[in-house]
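This report refers to the structure that appears directly beneath it.
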There are 2 protein chains.
Amino acid sequence: MSEKGSSGGIQVIDRATALLDAIARYQDPVSLKVLSAETGLHASTAHRILASLIQNRFVERDAVGHYRLGIRLLQLGVRLHSNIDLRAVALPVMERLRDQFGESVNLTVREGDVVVYIEKATPNRMMHVQQLVGSRAPLHVTAVGKLMLGAAGDNEIKGYAQRTNLPAYTRNTITTLARLIDECHESVARGYALDNEEAEIDVGCIGVLLYDSTGSVAAGLSVSAPIERRRMTWVDEMLAAGREISERLGYRG
Amino acid sequence: MSEKGSSGGIQVIDRATALLDAIARYQDPVSLKVLSAETGLHASTAHRILASLIQNRFVERDAVGHYRLGIRLLQLGVRLHSNIDLRAVALPVMERLRDQFGESVNLTVREGDVVVYIEKATPNRMMHVQQLVGSRAPLHVTAVGKLMLGAAGDNEIKGYAQRTNLPAYTRNTITTLARLIDECHESVARGYALDNEEAEIDVGCIGVLLYDSTGSVAAGLSVSAPIERRRMTWVDEMLAAGREISERLGYRG
DNA sequence: CCCAGATTTGCGCATTGTGAAACGATCCCG
DNA sequence: CGGGATCGTTTCACAATGCGCAAATCTGGG
């Protein structure tokens with residue numbers, strides 16, 4: 001334990017985290033058996049930890065006894081300093097870009113093998129690309145996802161490819177590890193990435209990364225448009241916006 | 001431990017929760033000494049648990065080593081089933097009310113001694129009452145806060161009054177326990193509450209509660225307007241909207 | 001009603017979480 | 001500048017708490 005202690009690990013907290021992550025991977029409430037299998041924990045251990053998480057309101061149970069995330073995560077999440085900072089800082093810039101381009105601007109964070117859309121600025125026109133806040137998309141078919149993979153390094157890209165098998169969403173989706181590594185490298189090198197109808201036909205995207213005060217990737221910023229309306233002239237503005245937001249987040253690049 | 005186990009408590013998870021709550025009470029990052037004092041934990045124990053929460057990304061440290069909430073709470077919070085349900089269910093109703101009244105409609109959850117605004121629908125007019133998502137207000141000066149206190153019972157109201165001392169925000173704020181208890185009772189009895197310039201002069205509000213499938217208070221719904229624009233004819237619509245959303249949340253009143 | 005599978009509970013044990021003490025770092029004051 | 005105070009971090013020994021096994025209970029389907 002002294003060895004474990006020096007590396008900061010407390011086993012039961014790691015295990016509770018694994019259980020929360022396992023629940024979060026499902027849209028619907030999930031059974032003890034599934035959670036036990038997903039985390040590799042003995043059923044009675046999982047049951048005990050989940051009971052404690054319920055008591056502390058991190059987890060709830062539905063009518064048939066299945067587990068879902070609980071209200072304390074919402075309460076704490078809303079209180080998250082970086083949540084308020086990140087969205088409050090990014091939103092005015094996003095709105096400015098939206099008005100300038102006349103297209104949808106999105107803010108995303110990485111969660112495991114997907115990006116999650118956490119804020120949006122949509123244009124006042126009937127036809128635009130729509131991503132709901134809270135929705136998810138695989139990393140390899142999104143501009144910012146490819147940047148996040150590139151920033152994380154080749155082993156991370158390889159691990160992602162192994163876990164997901166790089167499924168095709170359109171005829172343009174990158175489905176081989178070699179091509180994905182090239183694309184990620186290239187994207188990181190030039191500072192922005194494109195989604196060329198890789199997630200959905202007719203949808204194009206330009207994405208950049210946002211960095212926080214520790215120099216880590218904090219989020220992604222992207223503009224999505226019907227492919228024939230996308231302008232490569234937006235790249236400079238996106239890069240500048242990414243720098244602006246990152247600086248406000250305390251990044252000293 | 002067997003006795004503890006049957007009641008679902010795991011000490012270190014309870015302690016980690018207490019630390020997260022303590023951090024969440026501060027707007028700014030907070031020191032180990034303060035957290036140790038707030039939770040009653042020995043400094044080295046608190047240090048250890050915090051290190052594990054950092055490793056699992058529930059907590060981050062800033063440049064001077066102070067602790068703040070971490071990004072995993074955001075990622076999990078966005079994935080929260082009841083968060084997606086609550087906001088997705090409530091938003092269309094809120095937008096309808098906004099268009100009908102021409103005023104701001106807000107969705108709030110209780111967090112300790114405050115309400116937190118988690119969703120909003122703002123009217124398309126320059127002058128309206130504005131509450132940012134993520135902002136907070138004391139319970140005793142908001143309509144839904146008074147309902148939440150009333151729903152929680154007299155001991156809860158008393159405890160709240162003792163903790164906060166009922167500070168005045170305007171000349172209209174309720175600052176005595178007896179008056180607060182009366183107001184909360186009356187509000188619960190009739191099903192809605194008013195904020196009559198108690199939080200801010202010139203601002204009026206009508207609030208109702210939303211209930212979930214377990215019959216518990218899930219959130220509050222309110223319409224805020226400049227006081228001279230507020231209409232008591234909105235009460236029926238607010239009550240109906242509260243019932244509608246609660247039913248969609250699975251409430252069987 | 002019976003059976004199989006899932007969940008829950010009891011129990012004993014060893015490993016893991018804990019607090020005290022020691023050490024390190026930083027800041028402030030004389 | 002040096003010493004003391006304060007805060008944070010690490011080491012260490014120990015006991016209690018988290019854990020897994022096994023049994024009991026529950027639930028749903030045939």
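Just so it is clear: chains get the letters A, B, ... in the order the sequence lines come, proteins before strands, and each one is counted from 1. Both backbone and side-chain heavy atoms feed into the values below; hydrogens, waters and symmetry mates do not.
- Comparing D:dG8, C:dT7, C:dT18 against the side chain of B:Arg61 picks out D:dG8 as the nearest.
- Atom CD1 of A:Ile10 and atom C1' of D:dA16 are 15 Å apart (whole Å).
- Between the side chains of A:Asp28 and A:His66, no donor-acceptor pair is found at a separation under 3.5 Å.
- Donor-acceptor pairing under 3.5 Å is recorded for the side chains of B:Glu38 and B:Tyr26.
- Between the NE2 atom of B:His42 and the C1' atom of C:dG19 there is a distance of 5 Å, rounded to whole Å.
- In this structure, A:Leu41 places its CG atom 11 Å from C1' of D:dG20, rounding to the nearest Å.
- When the side-chain nitrogen and oxygen atoms of B:Gln11 are compared with OP1 and OP2 of C:dT16, none of them lie within a distance under 4.0 Å.
- For A:Ser44, the listed nucleotide lying nearest its side chain is D:dG20; candidates were D:dG20, C:dT7, C:dG19.
- One interatomic measurement links the two molecules: NE2 of A:His66 to C1' of C:dG5, which rounds to 13 Å at whole-angstrom precision.
- One atom, NZ of B:Lys33, and another, C1' of C:dT26, lie 15 Å apart when rounded to the nearest Å.
- Looking at A:Thr164, its side chain does come within 3.5 Å of a backbone N or O of A:Tyr160 through a donor-acceptor pair.
- Going from atom CG of B:Leu19 over to atom P of C:dG17 covers 15 Å, rounded to whole Å.
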Show your reasoning for whether side chain to side chain donor-acceptor pair (under 3.5 Å) applies to B:His185 and B:Asp154. CA-CA 9 Å; B:His185 282 183; B:Asp154 285 11; 2.7 Å; yes

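- Taking atom CZ of residue B:Arg48 and atom C1' of nucleotide D:dC12, one finds them 10 Å apart after rounding to whole Å.
- For the pair A:His47 NE2 and C:dT7 C1', the computed distance is 6 Å after rounding to whole Å.
- Each of A:Ile13 and A:Ser31 was assigned the nucleotide of DNA chain C with the nearest heavy atom; the assignment lying further toward the 5' end belongs to A:Ser31.
- Taking for each of A:Val12 and A:Val64 the nucleotide of DNA chain D with the nearest heavy atom, the 5'-most of the two is the partner of A:Val12.
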